[in-house]
Amino acid sequence: MSGVFREAEWIPFENRVCFWSGGKDSTVVLHLTRKAWGDDIKVVFVDTGITLPETLEYVERMAEEWSLNLTVLKPDLDFWDYVAKNGFPHAKSLWCRRLLKLEPIKRFLYRIHGYRLCILGIRKRESVKRFTAPWYQKPFYRHKRFKFTYNLCPILEWTDSQVDNYLKKNNIPVNPCYKLYGTSGCYYCPYVANKNHYLNLKRLHPELFENIVYAETVARKGKSALYTNRQVFIHKLKPQTALTEYI
Ligand code: SF4
């Protein structure tokens with residue numbers, strides 16, 4: 001068992017919960033956690049309601065293959081109802097993370113009692129913010145807001161290539177979304193300002209692409225789904241347009 005898991009053993013946790021998004025990082029962490037503690041863990045996946053369909057399939061397939069004790073959490077409302085009410089999320093108003101992910105997780109954690117350990121696929125190198133944030137400097141720490149709750153981040157210091165090498169070395173299938181879209185989370189995301197992502201969505205899941213178009217043209221008429229340094233309209237996206245014209 002690696003040192004970081006051993007460090008978390010001095011507290012008699014009643015619940016060890018591994019948060020799994022179906023992305024590469026959390027899949028590595030899930031694999032490491034099962035290696036350390038076997039199947040004596042709960043696994044939680046949050047389906048935001050706008051999760052890429054291939055991620056849902058991947059999670060379902062791997063959960064069966066690995067016989068996971070999986071709980072799927074969902075937000076209270078449909079994402080597009082939230083958009084009609086709040087507008088599209090963007091960097092300065094990232095309500096989606098709170099309403100689609102954090103609130104369902106909070107409700108779940110309140111339902112389980114005793115000492116809780118949350119096992120997370122966070123890596124410092126993912127962003128400058130994470131690299132410098134004081135609470136991400138240690139792989140095992142007490143949660144600031146939740147009582148009796150600790151976080152464990154077994155791959156906090158890992159690089160991209162360490163993650164890729166681990167998946168390869170252990171023959172772990174990778175979520176196909178990385179090849180298809182370059183990302184594995186939500187099919188619409190204010191942080192995904194990549195034309196090819198949306199064009200692939202249009203090609204593979206036209207009905208989901210239409211949800212974005214509908215919100216731009218009817219539900220939030222005149223408001224674009226994306227903001228970079230200007231409005232970026234997904235419904236105007238055309239394959240022949242040069243990438244720089246849009247995003
Ligand atoms: S992946 Fe993007 S759209 Fe989904 S919750 Fe996170 S920030 Fe919001």
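Each ligand, and each atom within it, is numbered from 1 in the order the structure gives.
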For [atom], what's the nearest protein heavy-atom neighbour? Residue, atom name and distance, please.
atom	answer
atom 1 (S) of ligand 1	C186 SG, 3.6 Å
atom 2 (Fe) of ligand 1	C189 SG, 2.4 Å
atom 3 (S) of ligand 1	Y188 O, 3.4 Å
atom 6 (Fe) of ligand 1	K101 NZ, 3.9 Å

Aromatic ring pairing Y227/H90, orientation class (parallel under 30°, perpendicular over 60°, tilted between) =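 Tilted, since the angle between the ring planes falls between 30° and 60°.
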Which class fits the ring pair F148 and Y115: parallel under 30°, tilted 30 to 60°, perpendicular over 60°?
->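 Geometry flag for Y115 against F148: perpendicular rings.
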Using a distance-only test with no angle check, is there a side-chain donor-acceptor pair under 3.5 angstrom linking H235 and E210?
->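 Distance-only check fails for H235 and E210.
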Under-4.0 Å heavy-atom contact with ligand 1, by part of P190 that carries it |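 The side chain, only.
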Provide the closest heavy-atom pair for F13 versus R16 in the form atom of the first, atom of the second, distance.
->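 That would be CB-CG, 4.3 Å.
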Shortest heavy-atom approach to atom 5 (S) of ligand 1 - which of C96, S21, S184 |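 The residue whose heavy atom sits nearest atom 5 (S) of ligand 1 is C96.
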Check the pair E9 / R6 against salt bridge (Lys or Arg N to Asp or Glu O under 4.0 Å), numbers first and verdict last.
-> CA-CA 5 Å; E9 292 231 304; R6 221 170 290 128; over 6 Å; no
